[in-house]
Amino acid sequence: MAPADPPPPPPPDQTGPTQPPPPPPDGAGGAGAGEPLIPADHARQLQSRWEDIQTRFVDEPQTCLQEADQLVDEVIDEIRNTLQARRAELEGRWSREEQVPTEQLRRSLQRYRQFLDQLLSTD
Amino acid sequence: MDIWLIVIIVVAAAVLAAGATWWWMRGRRRRRLQNRFGPEYDRQVRRADSQQDAEERLAAREQRREQFDIQPLPEGAARRYEQQWNQIQRDFVDEPAPAIGRADELIQQVMRQRGYPVDNFERRAADLSVDHPEVVQHYREGHRLATSDRQTTEQLRDAMLHYRTLFDALVTDTGHDDQDPS
């Protein structure tokens, strides 16, 4: 059996004009980069639920702990889903085709870095 | 018959009648005070030198209370106080002891707005006992817990719940001064 042909060279770079390309974070397709992990409306709802729990501690301490744990668990789930969705969106940009232009790969990698920075930030 | 004998008999009868009336009225007052003050009556009798002494004190409280013009809270004020109370309950989670202090202060504010005089704790409890003899026991118990040595958080929580019983009674009380208490 003949050795497999070497993979064809990647298509020529889609070199744009001489000015540098725009930075990756584009609102529509930027995987929500920079957006809060939980939308403001929902966050307010969660705060309101928390306030209710804290108010009732004096009445039923044990129950309030259970509810607090449940609330935090829910929020963790939501955040995890949001993060996974963003990761999946990033993945879709480069893994669907066999021959992805290097320029596209470059921009995708920049988005990954931005995502990683966000995950590692300590604020 | 000797006129003096008649006079003596009449005077003796009058004295006996007065005595019987006095005895009957004291019994009536006793029943009235017991009805009105309930657990507070028992408490005062335990602490006083005599039942008579306790009854004198309680009757004096009633008289003092008559001088006050106690009104219910207007509805807006009641809601505001309730919101403030809820905030104090939330503050309890961060700092229990100061929260108890603020709870007592809020109770005093409500009392003042409703027409009770500003005074020390014992006085406040005594004044409250006239209209709220059951609930004032909660105030006393809450105060005891809040001022005892080496308080646990559980004791403070208990104190808070006792205070709230009084707070709720004061805020929702629609009793007017002109209502007949007996």
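In what follows, chains are A, B, ... by sequence order, proteins preceding strands, each numbered from 1.
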(Q) A quick test of your reading: do over 12 heavy atoms of other residues, nucleotides or ligands sit less than 6.0 Å from CD of B:E56? (A) yes

**Q.** Point-to-point distance, once rounded to the nearest 0.5 Å, from OG1 of A:T55 to CD of B:Q83
**A.** 11.0 Å

Q. With a 4.5 Å limit on heavy-atom distance, are the side chains of B:Q89 and A:D59 in contact?
A. yes

Q) Any side-chain heavy atom of A:Q54 within less than 4.5 Å of one from B:D94? A) yes

Q | Qualifying ring-ring contact (aromatic ring centres under 6.0 Å, His included) pairs, either residue in residues 73-122 of chain B, two or more places apart | A | B:W85-B:F167, B:F121-B:Y139, B:F121-B:H143

(Q) Can you confirm whether more than 12 heavy atoms, excluding those of B:R57, are under 6.0 Å from its CZ atom? (A) no

Q. Are B:V118 and B:I70 joined in one hydrophobic group, where the rule is that I, L, V, M, F, W and Y side chains link up if heavy atoms are under 4.5 Å apart?
A. no

Q) Measuring from A:W50:CH2 to B:R90:CZ, what's the distance to the nearest 0.5 Å? A) 12.0 Å

Q. B:W23, B:V15: one ILVMFWY side-chain cluster at the under-4.5 Å cut-off?
A. no

Q.
Using only atom types and a distance under 3.5 Å, with no angle test, would you say the side chain of B:R157 pairs donor to acceptor with the backbone of A:V58?
A. yes

